[in-house]
Every structure is written in C-alpha cells, then in structure tokens.
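Presented below is the structure to which this report refers.
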Amino acid sequence: MDNIGEDSEDDDSVNKITTPSSRVILHFDLDCFYAQVEMIKNPALRELPLGIQQKYILVTCNYVARERGVTKLMSVTDAKEKCPELVLVKGEDLTHYREMSYKVTELLMSFCPLVERLGFDENFMDVTEMVERKLADTPKSDSVSFKGHVYNNINTKTPDNLRLAVGSHIAAELREEMYTRLGLTGCAGIATNKLLAKLVSGTFKPNQQTVLLPESVSDIMGCLGGLRRVPGVGHQTAKRLQALGLVGVLDLQMCPISDLVTEFGLPTAQRLKNLSLGLDNSPVTSSGAPQSLSDEDSFRKMSLTQEVLDKIRELLSSLVKRMQKDGRQPHTFRLTIRRHSATNKWFSRESRQCPIPNHIGKKITSGFSDEAVSQLVSLAMKLFDKMVDSSAAFHITLINVCFCNLQSRSTGMGGKGSISSFFARSTSSPRKTPKISTQNQVMSSHIDLEMKSIKINHQYCFRRTLGSKRRGKKFNFTAPSSSHGFTWNKRFVVGGEEVGNFPSNVAECKPQETKSSVIHQLRPNVDPEVFKLLPEDIQKELLSPAYVESVSDGLSKSPRPPPFPQSSDCEIPGNVDPTVFSELPLDVQRELMSEWKQHKPVLKSPSFRKSGRTTTDKDRKPAAKNSQTNLLKFFKPN
DNA sequence: CTGGGGGCAT
DNA sequence: ATGCCCC
C-alpha cells in the first residue's frame with residue numbers, strides 16, 4: 001500500500017538539492033490530424049483542397065483548403081461556397097484516426113513514458129530527466145543553440161534556458177521520428193509547464209516548433225487577448241469571468257484573488273489566476289490505456305422504439321468489437337441520450353448506467369460477441385426506459401453507448417494487455433517497425449529504435465507521476481514510494497514555475513509568515529529592494545495564495561510546513577494567506593473551514609476515497625500506483 | 001445543422 | 001449522474 005514513510009528516505013539523498021526545480025515540457029500538436037491520415041491513405045488528396053466531414057460540419061481541412069479560405073468547424077455549406085472544388089471525406093468513423101493517434105503516443109512513449117494525451121492529436125511529454133541526462137553526458141553543453149523558433153526571438157543565457165534548448169533538440173528529433181516512421185507532421189512547443197508549452201506550440205503553424213523562455217511568459221500571456229484562449233477556461237468559466245468584468249487575460253491577472261474566491265471557491269480561483277499568469281504546476285500524467293470506450297451517433301430525430309433499438313444494436317456491435325480488441329473487461333455500461341427540444345437546444349445529455357453482469361462481460365472478452373451484443377442491447381433498453389417514457393412521444397437526437405470501469409482479466413502474463421491493441425503494430429505494416437512489446441524492451445527500447453541522438457536510457461526518463469488523477473490530485477503527495485528502484489522525486493510535484501521577470505515569480509512564499517520575514521522567501525532573482533518599493537496591496541497580492549505553489553498540487557522543494565496543520569483544531573491550511581482569508585465574507589470563510597476540517601483526516605489515509613471500491617490499483621492507469629509495473633502491463637508480453 | 005470522442009471533479 | 005474541461 002501507499003507508504004509515506006518510504007519516500008522520505010530516498011528523496012533528498014538521491015536528488016541533489018542543486019537540481020533545478022523547473023521542468024522541460026513538450027507539447028506536440030499534429031497538423032490537421034484527420035486530414036493528414038486521409039492523405040496518407042490516399043496521397044492523391046495531397047494536392048487537392050481536402051475537408052473532413054462529420055455530419056454537416058467540416059471538422060478539419062488540409063492546408064491547401066485553408067489557403068482558399070476554408071477553416072476548421074465551418075459548416076459544409078459555407079465551405080463549399082468558399083471553395084467549390086473542396087474534396088470531402090467522411091470522418092465519422094474514427095477507427096483509423098484513433099489507431100494512428102495511439103501510434104504517435106506509443107512512439108513518444110518509447111523515448112520517455114511520461115506522455116499525456118489530449119484528444120487524438122496532442123501529446124504532452126515531460127522530458128526533464130532526459131534533458132538532465134543529456135546535459136550530464138555532454139561536457140561541452142555550454143554552447144547549445146535552439147532548434148526551431150524562439151518565441152520573441154530573444155535569448156538570454158541562463159541555466160534554465162540551456163535546458164529548454166536541449167528540450168528543443170529533443171522535440172526536433174521526436175518530430176523527425178514521427179515523420180519518418182509514421183509520415184506525420186506537426187508542431188511542438190517547448191516550455192517549463194504544460195500551459196505554456198501548449199500555448200507556444202501553435203506560434204508557427206504548420207510543421208514547426210517554438211521554445212518559450214521564461215522571460216517571454218508575460219508577453220505570450222498578454223498577447224492572448226480573450227480569456228477563452230487560456231486552456232482551462234471554457235465557455236462557462238469565461239462567462240462567469242465576464243460577469244465579473246473580466247474579458248482579457250490581463251484583467252484576470254490583475255483581479256483581486258478574493259473576488260475570484262467568492263465566485264469560484266478557493267481552489268478554482270487559484271487555478272484561474274495562476275493560469276492567467278502562465279503558472280501551471282500540473283504534472284504530465286501518463287495516459288496509458290483509455291478509461292472508457294464509447295461509440296455514438298447523432299441524427300436529426302428518432303422517435304420510434306424500434307429505431308432506437310436498431311441504433312443501439314449497431315453502436316454496440318461496433319463497440320463490443322473494439323472492447324474485444326482491447327482485451328480488458330468492462331464492468332459498467334452507460335447509455336447516454338440527447339433529447340430534441342426547440343428551446344433547450346443547447347446540448348444537455350442524460351445518461352443512465354449499470355453494472356455489467358460478469359457472464360456478459362466474459363462474453364465480450366472471450367469472443368462471443370453476438371451473444372454479448374444481444375444481452376447488452378436488452379440492458380441498454382432497460383436503461384433507455386428509465387430515461388424515456390416510450391408510451392409518450394419522444395425525440396432523441398443522439399445515442400451514446402459506453403463501456404467503463406475497465407479491468408484487465410488476468411493479473412499476470414498472457415493476458416492481452418489492455419493497451420496492446422492501441423499500441424499494437426498492424427501486421428500488414430509494410431515497414432519494419434520497432435517492437436515495443438516485451439517487458440524488457442520497455443526499458444531498453446532505445447536499442448530497437450536505433451536512437452541516434454537521444455541516447456537516453458529510459459530509466460532516466462521515469463519521472464513518477466505521483467498519484468493518479470483518480471486518486472485525487474489533492475493528496476498526491478501521499479503517493480507510494482518508488483518500489484522498483486525509482487526514487488520519489490519530490491521536485492516532480494513541486495514544479496516551481498520559472499516566470500522570468502514577471503512580478504508573479506514571487507512564487508515561493510511560505511504561508512503564514514509575517515510580511516517582514518516573508519520577504520526572504522522571494523525568489524533569488526527577485527530584488528527585495530524592488531519588492532519593498534511596491535505598494536503594500538501589490539505586495540500582499542504577490543504573496544497571496546494565487547502565487548504560491550498550491551498545496552493541492554505538490555510540496556515545496558524547500559522545507560515547508562505540511563500543507564495541512566497538524567493540530568487538531570481546524571486551522572487555515574498552509575497555502576492560504578491568512579490576510580486574504582480574513583477578508584473573505586464570513587459565510588465563505590465558514591464554508592472553507594468546514595471543507596478543510598473534512599479533508600484533514602484524509603491526510604493520513606490517502607485511500608479514503610469513499611468509493612466502496614477498495615480497488616486494487618492494478619486496473620487503473622499506469623501512473624496510479626507503481627509506474628513501472630502498471631506501465632509494463634500495457635505492452636504485449638509477446 | 002456543433003462531431004465524436006475523451007478526461008476530471010463534484 | 002451531471003457538469004466542466006480538452007481536442
């Protein structure tokens with residue numbers, strides 16, 4: 001089980017204190033992904049304006065089409081108007097895109113397992129360890145230049161920038177690998193966190209890459225304009241921010257944290273403010289195999305039970321086949337619908353779910369697909385009846401069937417690894433492809449891949465993703481210690497942001513300190529004299545929780561009081577500025593206090609997750625418990 | 001007439 | 001089960 005004690009022994013002894021706290025994060029974004037896949041399938045399409053069509057929407061298009069004014073998410077009608085010669089390919093069946101997407105992730109993972117997928121066409125990678133390793137191996141590393149673009153074209157020589165420069169070389173090589181092995185082009189961004197890497201990757205658009213240096217953080221955030229452009233700020237959040245009078249990133253940067261807390265609560269308030277400043281300590285979490293498989297279809301209208309039944313059967317037979325290839329057994333089934341409603345057109349979905357009886361689940365994995373499908377169809381219809389009164393008129397515009405709670409059948413060997421199908425090489429592949437199949441090869445696949453320049457032992461790339469998302473980010477500092485020779489890397493969770501000369505790089509104030517002492521907590525590159533000259537309210541703002549590495553995301557690399565008070569009284573958590581707290585409305589204070597009270601006992605038992613599911617984590621994402629074993633099982637034993 | 005996915009937190 | 005987020 002999780003053991004906090006184990007960790008404390010090895011972290012500082014192994015991780016030298018001098019080790020830099022900033023990470024090197026890569027973001028990869030394939031160019032017009034679906035269009036590229038179609039152009040690979042049919043090269044004749046390359047010179048033609050090509051659009052990928054789902055129902056009435058053009059979900060993406062190639063660059064020939066873009067030159068003629070076609071854009072993403074344009075209606076087919078508009079696109080045809082703009083460009084009558086536009087060639088359309090249906091893209092509702094995602095099979096090929098999904099397969100290619102996982103090949104990309106697999107390729108990246110073969111260099112460093114810490115890869116997080118975002119949709120089908122984007123991947124984050126934490127290459128900090130690779131960079132350190134490369135730096136240590138190359139004595140003449142002083143004069144490394146940047147590969148690709150540098151945002152704003154400015155370049156100061158600092159140790160952190162050197163590490164980003166090495167990151168840019170890694171990114172370039174990985175993009176080259178993607179092209180030579182898979183025929184795919186894409187962009188990459190190199191920065192110190194996921195937010196910035198993602199934002200910068202699109203700076204130069206097709207098939208190029210860009211580094212963002214810390215000194216340009218305020219520039220890139222300022223140039224963003226609308227808040228919707230900030231990843232993590234969706235439609236709803238943007239609306240609520242606008243109600244507060246905030247429309248641009250700069251507005252959010254300058255907004256008093258207390259205003260945000262009243263609207264969003266403390267955790268979200270901090271997150272939003274940090275995002276606006278380019279701060280993001282969220283770790284790159286290995287995605288591994290998907291948590292759920294679903295299949296859906298939308299249509300104008302469906303009003304007959306028989307049609308519903310047929311559609312569900314159709315969706316299920318395809319989903320069961322996919323599930324079968326995956327190899328895991330689903331233990332939960334969910335049916336989702338969208339109702340037609342003239343007024344409430346804005347998409348609200350309803351769903352019902354139920355356990356999948358074991359005898360049905362087994363039929364899925366063991367190949368009795370037809371039986372499984374028909375039994376699942378009746379399950380689905382029962383769920384449908386819970387939502388829709390079939391005796392009255394109804395109009396459905398979407399049906400989705402979903403398998404989740406996926407568990408590997410065999411704990412040990414022989415089982416078709418869950419991810420094996422996603423990462424499996426097609427046997428018909430004309431080209432020799434690297435086999436990343438056996439457990440041994442996971443740790444040494446650089447041999448198979450004939451890496452020329454990135455001679456990084458994969459062991460050095462294992463950065464623990466401490467605690468999975470599912471175990472709750474809040475308490476991921478209680479994640480298990482290394483159990484296979486990998487050391488708990490405290491620094492990992494810290495992710496101290498390097499934010500150049502931004503005021504916000506006052507990022508490491510210790511909580512609950514007096515102002516006079518807190519000034520000593522300023523970053524070394526922040527001039528205390530300058531700080532003292534600032535108006536007091538600005539000082540307070542800089543020291544407020546929004547500027548502190550949030551407790552929920554990690555520990556400080558410097559000794560710091562535990563995130564929650566040890567005393568039995570409910571005190572203000574360490575990451576909360578008492579001054580700011582005291583300024584909150586009383587009811588908000590009370591709410592926060594009771595929340596903290598409830599969380600406290602959790603500190604000692606990270607497995608509190610009331611879920612009756614005393615899960616043996618073996619079926620969760622690879623990062624969940626033990627990155628090695630969990631990762632290994634995703635590769636074909638061969 | 002905004003698609004077909006996927007994720008997380010509550 | 002829903003709502004938010006991402007593409």
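Ranking C:dC7, C:dC4, B:dG5 by closeness to the A:R322 side chain, first place goes to B:dG5. In the set B:dG7, C:dC4, B:dG4, the nucleotide with an atom closest to the side chain of A:Q236 is C:dC4. Nearest nucleotide to the A:R334 side chain, out of B:dG6, C:dT2, C:dC4: C:dT2. Closest contact between the side chain of A:I57 and the listed nucleotides B:dT2, C:dA1, B:dG4 involves B:dT2. Closest approach to the A:K198 side chain among C:dC7, C:dT2, B:dG3 is made by C:dC7 (side chain taken as heavy atoms from C-beta onward). Checked against B:dG5, B:dG4, B:dG7, the side chain of A:P290 finds its nearest nucleotide in B:dG7. Nearest to the side chain of A:S294, among C:dC7, B:dG5, B:dT2, sits B:dG5. Closest to the side chain of A:E92, out of B:dG5, B:dG4, C:dC7, is B:dG4.
In terms of phosphate contacts, A:R98 brings a side-chain nitrogen or oxygen within less than 4.0 Å of OP1 or OP2 of B:dG5. Of the side-chain N and O atoms in A:K55, none sit less than 4.0 angstrom from OP1 or OP2 of B:dT2. Close to B:dG7, at under 4.0 Å from its OP1 or OP2, lies a side-chain N or O of A:S292. For the pair A:T237 and C:dC5, the criterion of a side-chain N or O lying under 4.0 Å from OP1 or OP2 is met.
Among the candidates A:T185, A:N207, A:L174, the single residue satisfying the side-chain contact (heavy atoms from CB on, under 4.5 Å) test with A:Y179 is A:T185. With A:N400 as reference, A:E296 is the one residue of A:R338, A:R349, A:E296 to meet the side-chain hydrogen bond (donor to acceptor under 3.5 Å, both in side chains) rule. Partner of A:D295 under the side-chain contact (heavy atoms from CB on, under 4.5 Å) criterion, chosen from A:V320, A:L316, A:L315, A:L94: A:L315.
Taking atom CZ of residue A:F264 and atom P of nucleotide B:dT10, one finds them 15 Å apart after rounding to whole Å.
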